[in-house]
Amino acid sequence: MEAPSSRPSATPDAPGWPAGRRPLSGGESECDPARDTKTHFRVCRFIMETGVKLGMRSVPVATACVLYHRFFKRVSMRAYEPYLVAMSCLYLAGKVEEQHVRTRDIINVSHRYFNSGSAPLDCDKEFWDLRDSVVQCELLILRQLNFQVSFEHPHKYLLHYLLSVKSLVNRHAWSRTPITETSWALLRDCYHGDMCIRHTPQHIAIATLYLALNSYGVELPVGEKEWWQVLCEDATKANIDAVISDLLQLYDMDAKCI
Amino acid sequence: MDRDLLRQCLVFHGESLFNKLKCEQTENPDFQAVAPDLCKVTSESRGEEQENPLVEQFIARKADILFCPSWKTTTPQEEEHEEQEEEATEPYAIMPPLELFMEVSYEERRSTLYRDLEKGDIVVGRINNIRDYGFFLTLLCMAGGLKRDIEDLELSALCHIREIPSTGNHDDPLSYYQIGDFIRAGVKDIDRYQEKVTVSLQQASLLPSLGHVKLGVITREELPVHYSRSLRAASDSSETYEFILRRCHGYHNPSVVEYLLDKVRISDTHPPSMMRGLQSKLFQAEDFATAIRKKQSASWALKCVRAGVDLFKHGRHVESMNEYNKALEIDTNNVEALVARGALYANKGGIMKAITDFEKALENCPDHRNARKYLCQTLVERGKQLEEQEKLVTAEGLYRRALSLDDSNPEAQQALHKITDAIQKSIRLQEEALAKEQVKDKSGKTSAEKLRKILKEEKRMKKKRKRSSSSLSASSASSRNSSASSSSSSSRRRSKKKKKKHRRSERGSKRHRRISSRGSRGSEEGKSERNGGKDEDEVEWFPAPPNTSATFLNKKGGPGFGEGDEEEEEVEEKLGEERRISQLYSLSAASDNEESDSSRRETKRRESKESRTGRRKSRSPERKDRRSRSSEKRDKHREKEKEDKGRNSDSKRRSSLDESRKRKVSCSSVDSEYSRKSSFSGSASKLLENRSKRNSIDGSRYDNRGREDVSEVEEVKREKGGAEGGLGKSGGNQKEQRGVSGESSKKALPSNLLDIFSQIAKFQKDKGVGPKK
């Protein structure tokens, strides 16, 4: 798999464009899971980066990532061009989360992502073809996901948990420690992999908060129950550890494959 | 690197983390700087944690991010602000303290509360005891600052009598409080050793950020939301944290994430990330969607502008305007498009629109050369328009502005020079006229009157003759009207600024009026030279005036101007719009009048186009305007006449209707002749539909020139005759032009309609423009 920067800008021209919709190869015998994970990681990085450049908030970007992961849970990586799917996911996520992004901006930013430093596209056929591809692919995603495109995200759990945990800690200690930033960054970063759809939102929220607290050595008062047990009934230490280890793997990947 | 944070972390994680840190952060000079300090810290750490080595690895690797001072974006100050508002609207779920669910031990909670409680926090308690020196509260909950579960901690707080605000009466403030009252109070002091808390009801005891919270007795309903929720949770074990969270309607607020992000001060547009590849420093401003879009829009718009300019060069102005508009739709403030559109507007006569466009362009790009140049030219153009409308001061302002844009613009310099002269002159004349009036009131008038009478008589005779012989449709009414307007056009010249001017008629203005009428007649003749047969009649009716100066004038005026016209006409013919032509005269008159030879040919052509279209659009209102002015003038005359103690016995309107009336004021009779002529020429030209249009235009142009010349002559005479001094030359000329154009445009209208117009206009004039003078 080539590096994203060397990918051609005209993604729809790549083989596997949805127009020639291939039969889904359920077995995917030739697939290499490790390689796929890396590709997904790169594409998610693309989604994140593009999301920031588009000024999208965290939740729409998260939705885009979830859309992307869910889509490729159902279809083969080789059937569809992942970057085009990612662009359409961003577009669809903007609609789902009521932060509408224009296709033009998505195309512009993506074009520049693949051809860094290039001049913006002209208003010509290539542009309109790209635009059509994005819109068509959006429909494809919708159909693949059976139009179930709204998801519950850990974001609001995390924010409420943060407020609750904050009042357990001495306010000076809290204001000195960047727990909020760290947990928010961890939460955003966890969308790089499919862990965001493998774990429940609450567990992800608790795990990111746990890891953030742990990273700074902040200790919370201990009662009959741990704080995370209170926040979510079915959270266990094992759950949290699983999320954290998935998350840490993503950070390993950050070092390895970009 | 934040040393304190790192120490805190190392204390928690122990030596293994320190070793990993040393391993991972070898290249980080920040860490090397703090490492020696931290050595001893690890030795005192507990290290009993069976921590996940992967987590430590993670911390070690990301230590440069985690402990970087800039990683922390939130600012500690003023965190709790709108608690009260939040309680009312609940934009997010307000949860009971977590401790309640965690079942933290009594001792721990109590000690941490005493540790964390601070002066200025707000507590809510119930009065359990009232003494002479104050009352005691059993603390129920926290209402601001910390959010802790304190109800069962049996905390007692004293509110001293000094801390109760006095009500102003002399009775005991404590008498207002009863046992069992809920009190909201600010923490005044905490004695952490003896575990004593004192509270205050004085507003000043609160932190400034909580200053708006009202202290004192509160009702049960005013108790904090989290307290009532924790009461319910405490009594019902099925009320778990999760359950309460989901039930809160703040949790379902669709924008809860944005709200809380703002509350905890995390930027969602520049979100934090621990991924190396997503560090915000890697994002370049020009990669953001808005930047690209802006760039793209600019380039798309520029494309449209280019297409528009091409179309413009091929004379397809409508299409090019469409292109410009498209460009501006794509990129609202595209400077090139604004300049191009402004130029097109200017070409098409939309001077105001052009000015707006140029100004907008300059706003966005103050150094745009073409925008400056065009705006300067357009301002001068507008100034000339205003000058025609007698708004000299405004025009002067525009010229000054034009010069401020381009101080070497010769046109603007000239125009400014001229207009300042005109203004000064008019002021001076006004003063003079005033002074003169005072003198004249005393001096005798008899000889002048006699002279005037004789002239009147003569004229009336002429008129009668004309009227009877006239077989054309020039009705007396229309002539009356046109006479009024034309009289104003000439009288305006004299008197706009100096009302008393026509007094001067005793000496100069009589002559002058004659001259002007001759002049116009002369121009009529000039027309006849070109038009042949049509004008013969006119010549017949209006025999050449005996005044030599006038004949001299039309000889001089006619052909010289005609040559100039030819060129203009060619331009028009290219455009092939017959209709516009009729407006051309005003332009050429204006430009000829004002324009110095120095101005380029191109500008001239542009101007001509401008005014052509401009005229067409604004024609009818202008006409009205003109008429209104004339009627106003008439009014003034009337007033004047009254002032003159009935010497000038009647208004000219009536006098022109009713021939038997005597008219002592000269202004109308001569002019009415003149105007009649022109109205007649109008009707004549109607007859000769095809050619006539241009002809009449040319005719009026001649008129113009003739009149100009007249005024020149007039000026000479004035100089000779002493300081009667007419209005400034330029002003006078303009008025003449207006008058002429007014007549020619009037020709087709029925007379009664004209009457109505003039009345309306007069009314407007009196109301609107009147005060200006």
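Here the structure is a predicted model, which is why all the values come from computation and not from measurement. Only this structure's heavy atoms are used, side chains among them; waters, hydrogens and symmetry mates stay out. Each chain gets a letter, A, B and so on, in the order its sequence line appears, and its residues count up from 1.
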Atom group of [X] that falls short of 4.5 Å from chain B, counting heavy atoms:
X: A:Leu187; answer: neither
X: A:Leu211; answer: side chain
X: A:His153; answer: neither
X: A:Tyr157; answer: side chain
X: A:Glu152; answer: side chain
X: A:Val222; answer: backbone
X: A:Leu248; answer: side chain
X: A:Val61; answer: neither
X: A:Asp241; answer: neither
X: A:Gln202; answer: side chain

Residue pair [X] / [Y], side-chain donor-acceptor N/O under 3.5 Å:
X: B:Ser297; Y: A:Arg104; result: yes
X: B:His13; Y: A:Asn214; result: yes
X: A:His172; Y: B:Glu118; result: yes

Kindly compute the distance separating [atom1] ([X]) from [atom2] ([Y]), expressed to the nearest 0.5 Å.
X: B:Phe58; Y: A:Leu247; atom1: CZ; atom2: CG; answer: 6.5 Å
X: A:Asp105; Y: B:Arg293; atom1: CG; atom2: CZ; answer: 4.0 Å
X: A:Leu159; Y: B:Asp262; atom1: CG; atom2: CG; answer: 11.0 Å
X: B:Asp121; Y: A:Arg171; atom1: CG; atom2: CZ; answer: 4.0 Å
X: B:Met275; Y: A:Leu250; atom1: CE; atom2: CG; answer: 5.0 Å
X: A:Asn108; Y: B:Phe288; atom1: CG; atom2: CZ; answer: 14.5 Å

Against chain A, label [X] side chain, backbone, both or neither, depending on which of its atoms sit under 4.5 Å from a heavy atom there.
X: B:Ile59; result: side chain
X: B:Glu99; result: both
X: B:Gln284; result: neither
X: B:Arg61; result: side chain
X: B:Met95; result: side chain
X: B:Phe101; result: both
X: B:Leu245; result: side chain
X: B:Thr112; result: neither

Query raised in the report: Do A:Tyr216 and B:Phe12 have ring centres separated by under 6.0 Å?
Result: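 They do not qualify: ring centres at least 6.0 Å apart.
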
Requested in this report: Kindly state whether the ring of B:Tyr241 and the ring of A:Trp227 have centres lying under 6.0 angstrom apart.
Outcome: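 Not close enough - the centres of the two rings lie 6.0 Å or further apart.
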
[Y] backbone acceptor or donor facing [X] side chain under 3.5 Å:
X: A:Asp254; Y: B:Arg276; value: yes
X: A:Arg112; Y: B:Ile292; value: no
X: A:Arg188; Y: B:Pro271; value: no
X: A:Glu49; Y: B:Leu278; value: no
X: A:Asn170; Y: B:Asp116; value: no

List the atom of [X], the atom of [Y], and the distance in Å for their closest heavy-atom pair.
X: B:Met102; Y: A:Pro221; result: CE-O, 2.9 Å
X: A:Val52; Y: B:Thr269; result: CG1-O, 3.9 Å
X: A:Ser215; Y: B:Phe67; result: O-CZ, 3.8 Å

Considering only heavy atoms from C-beta outward, does the side chain of [X] approach that of [Y] to under 4.5 Å?
X: B:Glu242; Y: A:Leu231; answer: no
X: A:Pro178; Y: B:Leu5; answer: yes
X: B:Thr290; Y: A:Lys53; answer: no
X: B:Asp287; Y: A:Val109; answer: no
X: B:Tyr92; Y: A:Leu163; answer: yes
X: B:Arg265; Y: A:Thr180; answer: no

If you count heavy-atom pairs within less than 4.5 Å of chain B, which of [options] leads?
options: A:Met48, A:Met56, A:His192; result: A:His192
options: A:Glu224, A:Gln229, A:Glu98, A:His160; result: A:His160
options: A:Leu158, A:Val59, A:Thr50, A:Leu121; result: A:Leu121

Query raised in the report: Taking NZ, NE, NH1 and NH2 as the nitrogens, is one of them in B:Asp268 or A:Arg57 under 4.0 Å from a carboxylate oxygen of the other?
Result: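 No, B:Asp268 and A:Arg57 are not salt-bridged.
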
Query raised in the report: Under 4.0 Å between a Lys/Arg side-chain N and an Asp/Glu carboxylate O for B:Lys303 and A:Asp124?
Result: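 No salt bridge links B:Lys303 with A:Asp124.
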
Query - B:Tyr251 six-ring centre to A:Lys156 NZ/CZ under 6.0 Å and within 45° of normal - result: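 Yes, a cation-pi geometry.
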
Query raised in the report: What residue, out of B:Glu258, B:Gln57, B:Arg109, has the most heavy-atom pairs lying under 4.5 Å from chain A?
Result: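 With the most close heavy-atom pairs to chain A, the winner is B:Glu258.
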
Query - Residue among B:His270, B:Lys295, B:Arg148 with most heavy-atom pairs under 4.5 Å to chain A - result: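 Counting heavy-atom pairs under 4.5 Å, the top option is B:Arg148.
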
Query raised in the report: Does atom NZ of A:Lys95 have more than 12 heavy-atom neighbours, drawn from other residues, nucleotides or ligands, at distances under 6.0 Å?
Result: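 Buried by this count: over 12 neighbours within 6.0 Å.
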
Query - Residues, nucleotides or ligands: over 12 heavy atoms within 6.0 Å of A:Arg102 CZ - result: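 12 or below, so no.
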
Query raised in the report: With under 30° as parallel and over 60° as perpendicular, where do the rings of B:Trp300 and A:Phe127 fit, or are they tilted in between?
Result: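 The rings of B:Trp300 and A:Phe127 stand perpendicular, inter-plane angle above 60°.
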
